[in-house]
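The structure appears below as structure tokens.
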There are 2 protein chains.
Amino acid sequence: MDPTLDTVFAALADPTRRSILTMLLEDDMAVTDVAEPFEMSLAAISKHLTILAAAGLIAQEKRGRVKWCKLEPDALKTASVWMQGFGQFEPVNLDAFEAFLERELGEDRP
Amino acid sequence: MDPTLDTVFAALADPTRRSILTMLLEDDMAVTDVAEPFEMSLAAISKHLTILAAAGLIAQEKRGRVKWCKLEPDALKTASVWMQGFGQFEPVNLDAFEAFLERELGEDRP
DNA sequence: CGAAAGGTCAACCGTTTGGTTGAATATGCC
DNA sequence: GGCATATTCAACCAAACGGTTGACCTTTCG
């Protein structure tokens with residue numbers, strides 16, 4: 001909808017929402033299944049998903065009574081490009097990039 | 001200092017703070033000079049700078065009565081790497097990532 | 001049909017955020 | 001010493017955030 005840098009970065013600032021994105025890296029999920037590993041109400045997760053969708057980070061499609069959530073990484077591009085403007089000072093760090101999948105797909109989930 | 005993804009993304013979520021970072025791309029600045037173009041109080045800018053420093057995005061060094069602020073892009077690297085992890089499945093974003101690497105690697109050439 | 005499952009809505013609550021103002025604290029300068 | 005400059009501190013405020021609960025639709029299924 002209106003994925004500005006504000007909304008994207010604000011959406012990414014919450015650990016629960018980042019965990020949700022990481023979960024969606026593996027597969028599309030229904031809202032209830034997204035909520036399952038978290039120790040908070042379904043309504044709270046529903047709100048988080050709304051925020052992620054408003055930021056353009058996920059898309060939600062209702063099929064039957066189930067609402068499927070899937071990753072929509074385009075919104076990340078805007079923010080990523082913005083950040084890379086500062087990257088000119090960064091040394092190359094492929095190690096960190098490789099460590100990403102290990103760390104995020106491993107530890108980060110509740 | 002505790003530059004987590006939480007604090008980094010939260011710091012980046014505010015447009016004023018992103019503007020400050022952009023200004024600091026050009027040169028190090030004193031707090032008063034950072035505040036000058038904004039239509040808000042000096043105290044407000046001082047708070048923003050504290051948040052940026054807590055996120056590790058800037059460093060502040062006091063010389064005399066002037067506190068100099070300089071960009072500290074290392075904290076961005078963590079967040080950038082995190083984001084790029086999502087981009088790898090997206091062809092469009094893959095291009096951005098390749099461009100990023102090309103630029104970074106290009107610095108070594110004469 | 002009626003009941004259960006999947007989600008959202010609405011109202012509420014405590015905490016955080018982003019801003020203000022005025023006083024306070026250093027530091028530099030004549 | 002005394003005054004201006006640079007910056008932070010403290011108290012306050014409205015709005016936004018992250019969560020809860022209970023009521024409410026919609027869809028599926030026996």
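All chains are named by letter (A, B, ...) in the order of the sequence lines, taking the proteins before the strands, and each is independently numbered beginning at 1. Computed from a prediction, not measured in an experiment: that's the story for all the values here.
In terms of heavy-atom proximity, Q60(B) sits nearest to C69(B) at NE2-SG, 3.7 Å.
Rounded to an integer number of Å, the gap from CG of D14(B) to C1' of dC17(D) is 15 Å.
Applying the 4.0 Å criterion to OP1 and OP2 of dG19(D), one finds that S41(A) has every side-chain N and O outside that range. Listed pair H48(A) / dG19(D) meets the phosphate criterion, a side-chain N or O lying under 4.0 Å from OP1 or OP2.
For S46(A), the listed nucleotide lying nearest its side chain is dT8(C); candidates were dG18(C), dT8(C), dT8(D). Relative to the side chain of A44(A), the nucleotides dA26(C), dT8(D), dT20(D) differ in distance, and dT20(D) lies closest. Distance from the side chain of A43(A) is smallest for dT8(C) among the nucleotides dT8(C), dG19(D), dG19(C).
When the nearest nucleotides of DNA chain C are assigned to D33(A) and E39(B) by heavy-atom distance, the more 5′-ward of the two goes with D33(A). Judged by closest nucleotide on DNA chain D, W68(B) is the one of W68(B) and A13(A) placed further toward the 5' end. For the pair G64(A) and A10(A), both in contact range of DNA chain D, the more 5′-proximal nearest nucleotide belongs to A10(A).
Here the rule is side-chain contact (heavy atoms from CB on, under 4.5 Å) with L57(A), and of L24(A), T7(A), L76(A) only L76(A) fits it.
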Derivation and outcome, side-chain contact (heavy atoms from CB on, under 4.5 Å), residues D28(B) and E61(B):
CA-CA 10 Å; D28(B) 300 357; E61(B) 182 198 356; over 6 Å; no

side-chain contact (heavy atoms from CB on, under 4.5 Å), that's the test. Do L21(B) and L25(B) meet it? Break it down for me. CA-CA 6 Å; L21(B) 290 178; L25(B) 260 180; over 6 Å; no

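Within the 4.0 angstrom heavy-atom criterion, no nucleotide atom of any strand lies near R63(B).
Remark: the backbone N or O of L12(B) is paired with a side-chain donor or acceptor of R18(B) at under 3.5 angstrom. Under a 3.5 Å cut-off, the side chain of S19(A) and the backbone N or O of P15(A) do form a donor-acceptor pair.
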Shorter than 3.5 Å, N or O on both sides, protein versus nucleotides 3-6 of chain D: list them out with atom names.
residue: dT5(D); atom: O4'; partner: R65(B); partner atom: NH1; Å: 3.1
residue: dT5(D); atom: O2; partner: R65(B); partner atom: NH1; Å: 3.0
residue: dA6(D); atom: O3'; partner: R65(B); partner atom: O; Å: 3.2

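Side-chain to base pairing of K47(A) with dG19(D): one donor and one acceptor N or O lie within less than 3.5 Å of each other.
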